[in-house]
Number of protein chains: 2
Amino acid sequence: MVDTAQLEGTLRGVGLRVTRPRVAVLDAVHDHPHADTDSIIQAARRDLPDVSHQAVYDVLRALTDAGLVRRIQPAGSVARYEARVGDNHHHVVCRSCGSIADVDCAVGEAPCLHGDADHGFSIDEAEIVFWGLCPSCSTTTNRGKS
Amino acid sequence: MVDTAQLEGTLRGVGLRVTRPRVAVLDAVHDHPHADTDSIIQAARRDLPDVSHQAVYDVLRALTDAGLVRRIQPAGSVARYEARVGDNHHHVVCRSCGSIADVDCAVGEAPCLHGDADHGFSIDEAEIVFWGLCPSCSTTTNRGKS
DNA sequence: GTGCATTTCTTGACTCGTTCAGGAAAAGCA
DNA sequence: TGCTTTTCCTGAACGAGTCAAGAAATGCAC
């Protein structure tokens with residue numbers, strides 16, 4: 001649970017105006033890591049029943065641009081957001097149910113970042129997605145696999 | 001340029017029926033690495049002017065399931081396909097123009113795959129996307145960056 | 001080669017996450 | 001408190017991808 005005053009301070013800290021939709025959305029992202037936009041809309045509406053979906057989309061973009069939240073979108077998924085930023089962690093995604101978990105990067109800050117055979121690109125981030133099956137899907141689908 | 005007979009053999013090799021749409025699409029993916037679905041439709045229609053977009057979607061799914069092509073989808077992009085499969089290579093994506101290039105993985109087969117803190121997931125693939133700026137966007141956007 | 005069961009393709013409609021647009025409301029500074 | 005700018009709301013629109021049902025083609029058996 002995050003304090004509202006703290007969230008407001010965070011918003012001001014990056015030069016964003018403090019509005020009720022922004023506080024509600026930022027709080028929702030803190031409380032529901034890896035949630036998709038619709039879940040965030042629902043969560044924000046528990047604080048602020050009349051926020052429009054458009055406001056949530058706008059706020060998520062503003063928060064993302066400001067670096068307060070991170071947008072992730074594994075292949076085949078809708079956009080998801082998390083409040084854990086700036087620590088270069090990665091994700092495991094379940095191929096079956098789509099659930100996501102965090103993985104701390106054991107390779108340090110940025111794996112494979114050795115500007116070798118990079119085709120002249122100037123690289124600033126290495127994003128890693130691990131694909132597999134989550135514990136529950138693993139037990140469910142392994143049996144009966146023809 | 002790939003031989004048609006060769007493509008047919010490839011299709012039969014994985015147990016897929018040989019049809020004109022399949023040959024045309026497979027050829028298109030070979031000729032246009034990292035192309036999106038619409039580009040593939042256009043390319044396939046140079047061989048087969050009346051293929052429906054639905055057929056291309058179906059064929060791409062069949063080819064992907066059969067392992068003949070690989071589907072990639074960097075965040076914010078539509079689905080893209082490539083015929084280079086089974087060699088665990090990765091991609092650099094330009095944040096500005098979205099262009100994609102291949103990167104051979106220098107870490108070996110599967111980086112960071114050490115079942116540690118994996119939350120019980122059984123991981124089968126580690127996908128890496130490098131984000132940055134391609135050579136042309138790099139020179140264009142670096143100047144005049146306020 | 002023919003016939004037939006099965007797969008695949010075509011047509012056309014539709015879903016749904018996301019974005020666009022214009023006016024109303026709120027934030028924050030003087 | 002008043003004013004300018006940003007943000008939010010309402011409502012419509014976009015577009016990649018999917019669904020559905022019937023027509024056509026594939027490839028095997030004969």
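On a predicted model such as this, the values are computed, not experimentally measured, just so you know. Every chain is numbered from 1, with letters handed out A, B, ... down the list of sequences.
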Ignoring backbone atoms, test whether [X] places a side-chain nitrogen or oxygen under 4.0 Å from the OP1 or OP2 oxygen of [N].
X	N	value
A:T37	C:dT18	yes
B:R20	C:dC9	no
B:R12	D:dG27	yes

Where the side chain of [X] is concerned, which of [options] is the nearest nucleotide?
X	options	answer
B:V51	C:dT10, D:dT7, C:dG28	C:dT10
B:R17	D:dA16, D:dT18, C:dT8	C:dT8
A:Y57	C:dT19, D:dC8, C:dT8	C:dT19
B:A79	D:dG17, C:dG12, C:dC20	D:dG17

Expressed as a whole number of angstroms, how long is the span from [X]:[atom1] to [N]:[atom2]?
X	N	atom1	atom2	answer
B:D58	C:dT6	CG	C1'	16 Å
A:I41	C:dT19	CD1	C1'	13 Å
B:D36	D:dA16	CG	P	8 Å
B:L48	C:dT8	CG	C1'	13 Å
B:H53	C:dT8	NE2	C1'	15 Å
A:L16	D:dC8	CG	C1'	15 Å
A:R80	C:dT18	CZ	P	10 Å
A:L11	D:dC8	CG	C1'	15 Å

For B:E82 and B:H89, which I'm curious about, is there any donor-acceptor pair between the side chains at under 3.5 Å?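 B:E82 vs B:H89: donor-acceptor pair found between side chains.
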Any donor-acceptor N or O pair under 3.5 Å, side chains A:D102, A:H34: yes
Regarding A:S52, tell me which of base, sugar-phosphate or nothing describes its non-hydrogen contacts under 4.0 Å with the strands shown. base
Base, sugar-phosphate alone, or nothing: which one does B:D50 contact when heavy atoms must sit under 4.0 Å apart?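 Here B:D50 touches the backbone only, sparing every base.
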Rounded to the nearest 0.5 Å, how far apart are CZ of B:R71 and CG of B:L63? 13.0 Å
Pick the closest DNA chain D nucleotide for A:Q54 and for B:Q73 by heavy atoms, then say which residue is nearer the 5' end.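 Here A:Q54 is the residue nearer the 5' end.
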Quick one: do A:R84 and A:D104 make a salt bridge, cutoff under 4.0 Å? yes
In terms of heavy-atom contacts, does CZ of B:R61 have more than 12 from other residues, nucleotides or ligands at under 6.0 Å?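 12 or below, so no.
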